[in-house]
Number of protein chains: 2
Amino acid sequence: MNIGDVARQSGVPPKTIRYYEDIGLIRPNRSENGYRAFTENHVHKLAFLGRARALGFTIEDCRTLLALYEDENRESVQVKAVAEEHLRQIEEKIEKLQSMRTTLTELVEKCAGDHRPDCPILADLSPIRMSE
Amino acid sequence: MNIGDVARQSGVPPKTIRYYEDIGLIRPNRSENGYRAFTENHVHKLAFLGRARALGFTIEDCRTLLALYEDENRESVQVKAVAEEHLRQIEEKIEKLQSMRTTLTELVEKCAGDHRPDCPILADLSPIRMSE
DNA sequence: GGTTGACCTTCCGGTAACTGGAAGCCCCAT
DNA sequence: ATGGGGCTTCCAGTTACCGGAAGGTCAACC
């Protein structure tokens with residue numbers, strides 16, 4: 001299979017597939033003409049990677065997960081640990097974003113949004129008091 | 001004032017201040033010895049930038065906001081527009097992350113996390129059915 | 001006066017995970 | 001043989017910095 005077919009079947013774009021080869025996530029063979037030659041197994045792995053990335057796992061997490069995926073002797077606790085750590089980081093991000101949202105929502109509500117220059121948003125960002 | 005003082009007063013690290021000069025966000029003068037020479041106004045701007053960045057505004061947003069900040073003839077609607085767009089993007093990110101969290105939480109709960117290899121997390125990532 | 005040590009400078013490289021584009025080969029159909 | 005699509009490699013750009021190396025500067029201390 002050529003890269004285009006694999007891209008269509010796995011949902012991972014050709015550029016990304018080449019990148020994944022560069023960083024050693026997959027190792028396709030080469031045809032005589034120099035084209036990458038993929039197997040069904042590569043398609044599976046790429047789809048796996050696509051799903052893992054969609055869940056926000058880093059590439060390094062993906063590397064780990066893929067190794068576990070292929071390891072018959074894995075222990076599910078290993079997988080769970082990776083997922084739990086990732087979950088923690090997602091929750092951290094959510095909290096940070098929610099706190100930003102709270103502040104921004106307040107500021108946007110307070111801002112008249114008209115032709116006048118006075119703006120509570122700028123006032124909040126400013127270290128010096130703008131209008132008393 | 002030298003960069004170290006400004007960094008302490010504004011809360012923005014020296015490296016970041018130099019970077020902000022590189023990309024034209026601030027324009028300190030130079031002393032005879034080649035050191036950057038900052039004024040109080042630079043401290044204000046940097047603190048402004050620090051707050052804006054902490055609210056998640058991109059550097060380009062910051063550039064816009066700083067220009068509005070310094071523009072006596074700004075209209076608050078301009079500021080509000082930037083903030084509202086940023087708010088939208090934050091809300092998008094939150095939604096994406098929450099959806100990831102939901103999925104991940106389910107998977108983590110389903111995973112036994114013991115010494116056995118069977119793992120619903122891998123099963124979910126896998127395009128082919130793992131166990132039966 | 002020399003010598004620390006804390007500053008400051010520039011420049012280079014790296015981060016994460018790709019994406020876009022250029023230059024050029026390959027293959028198939030007309 | 002020519003055209004179009006697909007494949008290749010390589011280079012550069014993205015975001016917002018951080019770390020480190022090599023080297024100049026300054027104030028203080030002996």
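So you know, we letter chains A, B, ... as the sequences are listed, proteins then strands, and number each from 1.
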Identify whether any heavy atom of [X] sits under 4.0 Å from a base atom; if not, whether one sits that close to sugar-phosphate; answer base, sugar-phosphate or nothing.
{"X": "A/R36", "value": "sugar-phosphate"}
{"X": "A/R53", "value": "sugar-phosphate"}
{"X": "B/I3", "value": "sugar-phosphate"}

So which nucleotide from [options] ends up closest to the side chain of [X]?
{"X": "B/Y20", "options": "D/dC17, D/dC7, C/dC18", "result": "D/dC17"}
{"X": "B/I59", "options": "C/dC18, D/dT9, D/dA16", "result": "D/dA16"}
{"X": "A/Y35", "options": "C/dC18, D/dC10, D/dT8", "result": "D/dT8"}

Whole angstroms only, please: what is the [atom1]-[atom2] distance between [X] and [N]?
{"X": "A/I17", "N": "D/dG6", "atom1": "CD1", "atom2": "C1'", "result": "14 Å"}
{"X": "A/D22", "N": "D/dT8", "atom1": "CG", "atom2": "C1'", "result": "12 Å"}
{"X": "B/N33", "N": "C/dC8", "atom1": "CG", "atom2": "P", "result": "11 Å"}
{"X": "B/L49", "N": "D/dA16", "atom1": "CG", "atom2": "C1'", "result": "13 Å"}
{"X": "A/M1", "N": "D/dG6", "atom1": "CE", "atom2": "C1'", "result": "16 Å"}
{"X": "B/E60", "N": "D/dT14", "atom1": "CD", "atom2": "P", "result": "10 Å"}

Between B/K15 and B/N2, which is nearer to the 5' end of DNA chain C once each is assigned its nearest nucleotide? B/N2
Would you check if B/Y35 and B/I3 make a side-chain contact, meaning some heavy-atom pair closer than 4.5 Å?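 No. Closest side-chain heavy atoms not under 4.5 Å.
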Does the side chain of A/Q98 come within less than 4.5 Å of B/Q98's, by heavy atoms?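 Result yes, sub-4.5 Å side-chain heavy-atom pair found.
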